[in-house]
Structure formats: C-alpha cells, structure tokens
Amino acid sequence: MIGSILGGAFRLLRQHPLSVLVWSILYLAGIFAIGLLRIAIAPAAPDGVAAALLPALLTQTLTIALIAVLITAATRATLHPYKRGAFYLRLGANELRVFALLAMLTIGSGVVLFLLALANGFVLGLLGWLLPNESARQLLAALLFVAELAAFVFVQTRLAIALPLTYLYEAITVDEAWAQSRGHFWSIFGAFAVIALLLCTAGLALLALFFLPTLALLAQSGLNGTAIVQTLLMLVIAAKNLPILAQLVLVVGLLVLMALSFVLNTATLASAARMMLGLKDGQIEDLRRQR
C-alpha cells in the first residue's frame, strides 16, 4: 500500500507541474510575508500579555489560512483533477472547513503539549525523590520521552487523513479519520518516512555539493551533540564565504525542497485517503450522502 500511496502523491507532480510551482511560490512567499508582518507588528517592549500574544495570534491565524487554502487546492487536484480553475485554488466552504480543522488540531496539540509538560515536571520531580541513582533517573526520563513521542506520532498519523476527509465529506471530521486509518498506521507512516528520507537525501546531496569537506569532518568525528553543533557553526561560516551565485543556488535549492515537502506531504494524505476509502475520481456526492 505504501507504493500506491506514494504513486498517487508523485503523480500530482507529474500531471500538474505548473500548479505545484504556483503553490510552492505562494507557500514560500506567504510564509516570508507573514514573518515580515510578525516582525513589523511585534511591540519592542510589550506592556502586557495581550500585547505580546496578539501579533503571534494574528500571524498564526494567517499561516493556518494560507496552509488551508493550499492544502485544499492540492487535495482537490489529487482527488478531483477535473475540477479545474486557477491552479485548483479557491476560497470557499471547503477552505473554511479545512481552516477550522487545522485551527482545532493546532489548539488541541498545544493544549496536549502543555499538559504533558506539567505532567512531566511532576513525574520527573517524583523520580528525583524516589530514585537516588542519577543514571536510573536519566534512563527513565529518556524512556518517558520516547513513549510520549511515539504516542504523539501515532495519534498524529492516525488523524492525518482528517484533512482530505474533511474535503471529501464536506464536513469537519476527526472520528472518521481515526476509524478509516485503523490498521493502516504503518502504511501512512511508511509513506511519510519514505518522503522524508528522499527529501533528506536530496538536502544532504545539496549541502555536500558546497560543503563536502565540512560534512566529511562530521562523519569522521562521529554523530554526537558537540560535533553536530560545531559542524552547523562551520556550515554557517562557510556559507557566508561562498560566492553570491553559489549562495543563491543554495538558498533556492533549500526553498525548493521545503516547498516540495509541503506539496508531497499534502498529496500523500489525499492519496492515502483515497486508497483507504477505495475511491475513484468523482465520488464526492456518494460520500456526502453517507454522512
């Protein structure tokens, strides 16, 4: 199933290259513009919590809105390629529903992470009182972190297809995503892992093109925290000393990979939803009647 999911995702790049290019430009330009807006409206010395939170809330809302429009466009192109328009971009009820779902998931994730931080503080404090052995405390803390990370990834993966299902059903749905993804965790996770591996390989190849000696030093010294930090600092210094043309090629290459990551991950979700529902193009009316 992983191959079928990935085939549907990469088919989007092959069949709609111009749309993918437009989405990528809008994604990168939008993120950059929102970042500039955040800098422009953030007070230099906020005089209260509201003054500090308002710029973050506004820019986060704009970011979610941008992503909702682009996710819906990529989903529409993947699942209903006949619904043509201006690069499958629209502003309507589908986009509003995806925006609402993204906002709910963002708030929910933030609340869960906050509660986990409080729980971890209590548990680690309790371990410090119960276990005098420092090594044992560190081991249990590491196991706790791994368990929480695994649980978070599991839930996020199971709920990921809620975005394309919200588009297909024309109704915000989370429980349906959990039900439809039952038994398919490894297929969805594997598809994302393959895409991440491909993009990381491409990123490393791009960096090696300009910084091969620096990366070779990291390989010789071993992958430890100190060596990685030192290598990152050396990469920053080396990048500043590159010719202008080389810097431009490097930045453009990294931006292309970032945009490809966004588009491929969105197309993977849509392709996974179609595989799990056994859909062919044009079945949105049937799905609406089922709800």
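Using a 4.5 Å heavy-atom cutoff, the side chains of Glu95 and Arg76 are in contact. Within the 4.5 Å cutoff, the side chain of Ser24 has heavy atoms near those of the Val20 side chain. Considering only heavy atoms from C-beta on, Val98 stays 4.5 Å or farther from Val69 through its side chain. Counting only heavy atoms from C-beta outward, the side chains of Leu168 and Thr75 never approach each other to under 4.5 Å. Counting heavy atoms from C-beta on, the side chains of Leu101 and Val174 come closer than 4.5 Å. Here the side chains of Ile64 and Gln60 are in contact, with some heavy-atom distance below 4.5 Å. Put simply, the side chain of Leu116 reaches to within 4.5 Å of the side chain of Glu148, judged on heavy atoms. Side-chain contact between Phe99 and Ile67 is absent, with no heavy atoms from C-beta onward closer than 4.5 Å.
Under a hydrophobic-cluster definition in which Ile, Leu, Val, Met, Phe, Trp and Tyr are linked whenever side-chain heavy atoms come within less than 4.5 Å, directly or via other members, Ile71 and Met104 are assigned to the same cluster. Connection of Ile25 to Leu36 is not established within any shared hydrophobic cluster, with ILVMFWY side chains joined at heavy-atom distances below 4.5 Å, either directly or through further cluster members. Taking hydrophobic clusters as Ile, Leu, Val, Met, Phe, Trp and Tyr residues chained together by side-chain heavy-atom distances below 4.5 Å, Ile34 does not share a cluster with Phe32. Linking Ile, Leu, Val, Met, Phe, Trp and Tyr whenever their side-chain heavy atoms come within less than 4.5 Å puts Phe145 and Val155 in one cluster. Leu113 and Leu144 end up in different hydrophobic clusters when Ile, Leu, Val, Met, Phe, Trp and Tyr side chains are linked at under 4.5 Å.
Within the model, atoms OG1 of Thr268 and CD1 of Ile2 stand 11.0 Å from one another, a figure rounded to the nearest 0.5 Å. Atom-to-atom distance recorded for Leu269:CG and Thr78:OG1 is 9.5 Å, nearest 0.5 angstrom. Interatomic distance, CG of Leu159 versus CG of Asp175, reported as 10.0 Å (0.5 Å rounding). With values rounded to the nearest 0.5 angstrom, Arg97 atom CZ is found 13.0 Å from Leu163 atom CG. Distance check, rounded to the nearest 0.5 Å: CG of Leu58 to CZ of Arg38 gives 9.5 Å. Distance check, rounded to the nearest 0.5 Å: CG of Leu260 to CG of Asn265 gives 10.5 Å.
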- Message: Show, in sequence, the C-alpha distance, side-chain angles and deciding distance for Thr72 and Arg90, and conclude whether the side-chain contact (heavy atoms from CB on, under 4.5 Å) test is met.
- Response: CA-CA 8 Å; Thr72 308; Arg90 299 181 185 178; over 6 Å; no
- Task: Let me see the working for Ser181 and Arg158 under side-chain hydrogen bond (donor to acceptor under 3.5 Å, both in side chains), right down to the final yes or no.
- Result: CA-CA 6 Å; Ser181 61; Arg158 288 285 304 273; 2.8 Å; yes
- Item | Criterion side-chain contact (heavy atoms from CB on, under 4.5 Å) on Ile161 and Glu176, from CA distance to verdict | CA-CA 9 Å; Ile161 62 168; Glu176 189 71 15; over 6 Å; no
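When all heavy atoms are compared, the tightest approach of Leu70 to Trp23 is CD1-O, 3.9 Å. Taking both residues in full, the closest heavy atoms of Ile5 and Ser271 are given as O-OG, 2.8 Å, listed atom of the first, atom of the second, then distance. The shortest non-hydrogen separation linking Ile195 to Leu264 is CD1-O, 3.8 Å. Across all their heavy atoms, Phe189 and Thr157 have their closest contact at N-CG2, 3.8 Å. Heavy atoms only, all atoms of each residue included: Ala273 and Leu165 are closest at CB-CD2, 4.3 Å. Residues Ser4 and Met275 approach most closely at CB-CE, 3.4 Å, considering heavy atoms.
Using a distance-only test at 3.5 Å, with no hydrogens or angles considered, no donor-acceptor pair links the side chain of Ser109 to the main chain of Thr106.
Phe154 and Trp178 have perpendicular rings, their planes meeting at more than 60° on a 0 to 90° scale where under 30° would count as parallel.
Shown here is Phe262, whose CZ atom has more than 12 heavy atoms of other residues, nucleotides or ligands within 6.0 Å. Enclosure of atom CZ in Phe185 by more than 12 non-hydrogen atoms of other residues, nucleotides or ligands within 6.0 angstrom is indicated.
Residues His80 and Tyr88 keep their aromatic ring centres 6.0 Å or farther apart.
With side-chain heavy atoms closer than 4.5 Å counting as contact, directly or through intermediates, the hydrophobic cluster containing Val111 also holds Ile107, Phe114, Leu115, Leu118.
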Can you give me every donor-acceptor pair (side chain of residues 242-257, partner residue at least two apart or in another chain, under 3.5 Å) with its distance?
residue	atom	partner	partner atom	Å
Gln247	NE2	Ala239	O	2.9
Gln247	NE2	Lys240	O	3.2
Gln247	NE2	Leu242	O	3.2

